[in-house]
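So the structure is just underneath, and the comments pick up after that.
Computed from a prediction, not measured in an experiment: that's the story for all the values here. Remember, it's 1-based here, ligands and their atoms both numbered in the order they're listed.
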Amino acid sequence: MVKKQNIVIVEDEDAIRRAIVDALRISGYHAVEAADGVTGLREARRGGVDLVLLDLLLPQMDGFEVLEELRVTHPALPVIILTARGSEDDRVRGLRGGADDYVVKPFSARELLARVEAVLRRSPERTTPVVRITAGEMTVDCARREILRPGGERVPLSEMETDILQRLAAHAGRAVSREELLASVWGLRDGGVETRAIDMHITRLRQKLSGGEAEPAVEWIVTVRGKGYMLGPDLALVTDPQTTEGKS
Ligand code: CA
């Protein structure tokens, strides 16, 4: 069975929110509701969220603030903003703030669902996962969860270590914040586990990935001050297109 996709609906008007929730559930999505910005941000940051529908005029924290905060920890999470008719400034501001698309109120369920499907289809989070990462003679096999060292030695990786590496690989070229790693790898709300736990896992990963004296030093995981962690620039990533197509 295909896993239901999780959509968070942040909308303070009860009638609109319920209509959206109904339409999404009928279409086979799992819908989570939030009636204000603070709750919406918290729900959006939970692990496993696939898309956020975000109203702009909200109590406690408006949609622009939610989007800004969300982009710090979840730069790639798809967000569709719900805007009022005629407010072109809001649409432009929302898209500049990192929204993926917008729907103008009042909208039909059909229109909304079409936008949701389109955004989910092109979501970068759903691109082919990286299955192998190599640097020189050393390879990380994400599927087997192990490091292949030069000379044939295999070092096992934990599920969490593999998840961290795959997450960093999915965003190669930019830093991934500790909060984002926490939310995506652990699937926890903010504050559930200290972000220091991430640092400990990174330290252990680096130890496992160090080539020893015989190997030239390759930087597998770079610390970006104030931002988080990034995969090293000299690594080669291999993706397996069959994985996303669901073939075995
Ligand atoms: Ca509103």
So which of Leu120, Leu51, Ile80 actually passes side chain to side chain contact (heavy atoms under 4.5 Å, CB included) with Arg115? Ile80
Partner of His30 under side chain to side chain contact (heavy atoms under 4.5 Å, CB included), chosen from Gln5, Arg25, Lys4: Lys4
Could you tell me whether Leu57 atom CG has more than 12 heavy atoms of other residues or ligands within 6.0 Å of it? no
Is it the case that over 12 heavy atoms from other parts of the model lie below 6.0 angstrom from the CD atom of Glu111?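 Yes, enclosed.
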NZ/NE/NH1/NH2 to OD/OE distance under 4.0 Å, Arg17 and Asp36: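 A salt bridge is absent here (no side-chain N lies under 4.0 Å from a carboxylate O).
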May I ask you to list the protein N, O or S atoms found at less than 3.0 Å from the Ca ion (ligand 1)? Asp12 OD1, Asp55 OD2, Leu57 O
Kindly give the heavy-atom pair with the smallest separation between Leu70 and Arg45, and that separation in Å.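 That would be CD1-CG, 3.9 Å.
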